[in-house]
Amino acid sequence: MIDLHIHTSASDGTFSSQEIAMLAKGKGLRAISITDHDTVDGNEEAMKVGTKIGLEVVPGVEISVEWEGRPVHLLGYYIDVKNNTLQSTLQNLIDFREERNPQIIKRLNSLGLNISYEEVKAIAGDGIAIGRPHFAQVLVEKGYVKNGDEAFKKYLKRGGPAYVEKKRLTPHEGIQIIKNASGIPVLAHPYNIDGIKNRDLEHFILQFKGMGIEGIEVFYPLHNPQQTLQLKTFAERYGLCITGGTDFHGEQKPDIQLGSGFGALKIPYELIIKMKEKRKTDE
Ligand code: AMP
Ligand code: ZN
Ligand code: FE
Ligand code: FE
């Protein structure tokens with residue numbers, strides 16, 4: 001089994017990439033991918049550890065793009081993590097977070113919550129992509145909310161009183177930086193897109209295929225069996241790779257287990273073989 005969607009402490013996960021590799025090995029996974037938001041920083045460490053312990057590590061990243069006013073997540077697999085354009089574009093997104101985060105602090109302060117950016121940065125530690133989950137953690141620690149979920153519901157969710165928009169690439173830009181870094185651009189968890197309806201999904205996938213995506217994240221903890229089957233059908237119909245992962249964030253999302261999601265997810269290694277075959281024929 002494999003898990004191709006994992007966050008580390010380089011973004012909003014709570015385990016380092018070394019810890020993730022060890023955990024994955026302990027669970028008997030054959031391959032993983034570190035897909036942090038807006039950074040590829042955890043990849044090299046994971047690959048180094050992976051080589052040592054016999055765990056395949058697929059280089060990855062997750063970026064958010066804006067489509068018709070809504071956020072859509074893209075995953076990039078087999079990216080060259082040293083690619084200059086990829087690195088500078090990601091750095092831009094991180095720089096924007098540095099502008100956005102103090103604005104979130106201002107909003108929280110004006111709502112009467114005593115929280116500073118220093119506290120958020122302290123929670124994020126060596127993290128590169130600091131974001132709302134880190135704010136949520138501070139709010140929990142200071143007793144303003146019971147848990148992260150409440151922090152999002154009351155304050156941080158999109159449209160919530162402390163929400164500040166994030167800079168997002170256009171779908172075209174997002175897809176191109178992944179391709180330009182020799183990666184496979186994949187549409188992440190399609191059922192998570194705000195307001196997406198079953199009947200819109202095929203059209204939506206076709207639009208993104210037209211813009212260059214080469215895969216769909218079919219296996220995902222929140223997809224029910226019908227949704228998984230539906231996405232698999234679309235992937236096969238349109239010649240797209242099938243990927244899958246848990247979106248593991250460690251303690252940040254404690255219900256999600258590495259490799260198995262809510263417990264029952266099984267993502268077959270065969271998906272990796274197919275992705276590699278596709279890369280060969282594209283060469
Ligand atoms: P940011 O990149 O700063 O906008 O934060 C986005 C991250 O926040 C996502 O990757 C999720 O991990 C987390 N997140 C978004 N919405 C929620 C929510 N309603 N509850 C818990 N976590 C959330
Ligand atoms: Zn996240
Ligand atoms: Fe995502
Ligand atoms: Fe994710």
Side-chain angles (χ1 to χ4, degrees), residues 2-17 20 24 32-43 46 58-67 70-77 79 90 93-94 97 100-101 104 120 123-125 127-138 140 147-149 151-152 156-158 163 166-169 171 174-175 178 183 185-196 204 208 213 215-223 227 231 243-262 265 267:
I2 62 172
D3 189 339
L4 299 180
H5 191 153
I6 300 170
H7 294 270
T8 74
S9 47
S11 66
D12 53 4
T14 58
F15 293 105
S16 69
S17 54
I20 292 287
I32 61 166
S33 183
I34 304 293
T35 53
D36 277 310
H37 306 284
D38 303 348
T39 177
V40 292
D41 225 58
N43 276 295
V58 177
V61 70
E62 181 172 30
I63 47 184
S64 184
V65 300
E66 180 132 350
W67 175 78
R70 292 181 262 183
V72 171
H73 291 183
L74 298 178
L75 295 159
Y77 292 116
I79 41 167
L90 295 180
L93 296 174
I94 299 295
R97 282 177 182 274
R100 175 207 200 204
N101 287 339
I104 299 180
V120 175
I123 285 262
I128 309 276
I130 302 177
R132 288 179 287 155
H134 300 109
F135 289 79
Q137 260 176 281
V138 175
V140 174
N147 51 41
D149 208 36
F152 271 89
L156 297 166
K157 70 169 186 217
R158 196 152 185 261
Y163 184 73
K166 188 163 76 170
K167 180 180 167 67
R168 293 188 188 85
L169 303 176
I175 290 165
I178 293 168
V186 171
L187 187 61
H189 44 64
Y191 279 98
N192 277 18
I193 297 160
D194 296 345
I196 196 97
F204 170 79
F208 270 71
I213 58 144
I216 305 178
E217 188 174 46
V218 170
F219 296 94
Y220 192 74
L222 293 171
H223 294 165
Q227 291 174 325
L231 291 173
T243 76
T246 59
D247 218 347
F248 183 69
H249 279 71
E251 300 305 316
Q252 169 61 31
K253 292 186 182 174
D255 297 344
I256 301 281
Q257 304 297 309
L258 185 68
S260 62
F262 297 117
L265 198 63
I267 308 163

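Start at 1 and go down the list; that is how both ligands and their atoms are numbered. Residue numbers count from 1 along this sequence. As the structure is a computational prediction, the values presented were derived from the model and not from experiment.
Taking backbone and side-chain atoms together, His37 has no N/O/S atom less than 2.8 Å away from the Fe ion (ligand 3). Distances from the Fe ion (ligand 3) show that His73 has an N/O/S atom below 2.8 Å.
Between OD1 of Asp12 and NE2 of His37, the angle at the Zn ion (ligand 2) works out to 90°, rounded to 10 degrees. To the nearest 10 degrees, the Fe ion (ligand 4) sees OE1 of Glu62 and NE2 of His7 at an angle of 90°.
Taking the six-membered ring where the residue is Trp, Phe248 and Phe15 present parallel rings, their angle staying beneath 30° rather than reaching 60°. Below 30°, between 30° and 60°, or above 60°: for His5 and His189 the angle between ring planes is below 30°, a parallel geometry.
If you take CG on Asp247 and CG on Asn192, they are separated by 8.0 Å, rounding to the nearest 0.5 Å. Taken from CG in Asp38 to CD1 in Ile130, the straight-line distance is 12.0 Å, to the nearest 0.5 Å.
The closest approach of His189 to the Fe ion (ligand 3), by N/O/S atoms, is made by NE2. Asp247 has its closest N, O or S atom to the Fe ion (ligand 4) at the position named OD1.
Each of Lys253, His37, Arg132 was scored for a side-chain hydrogen bond (donor to acceptor under 3.5 Å, both in side chains) with Asp12, with one residue passing: His37.
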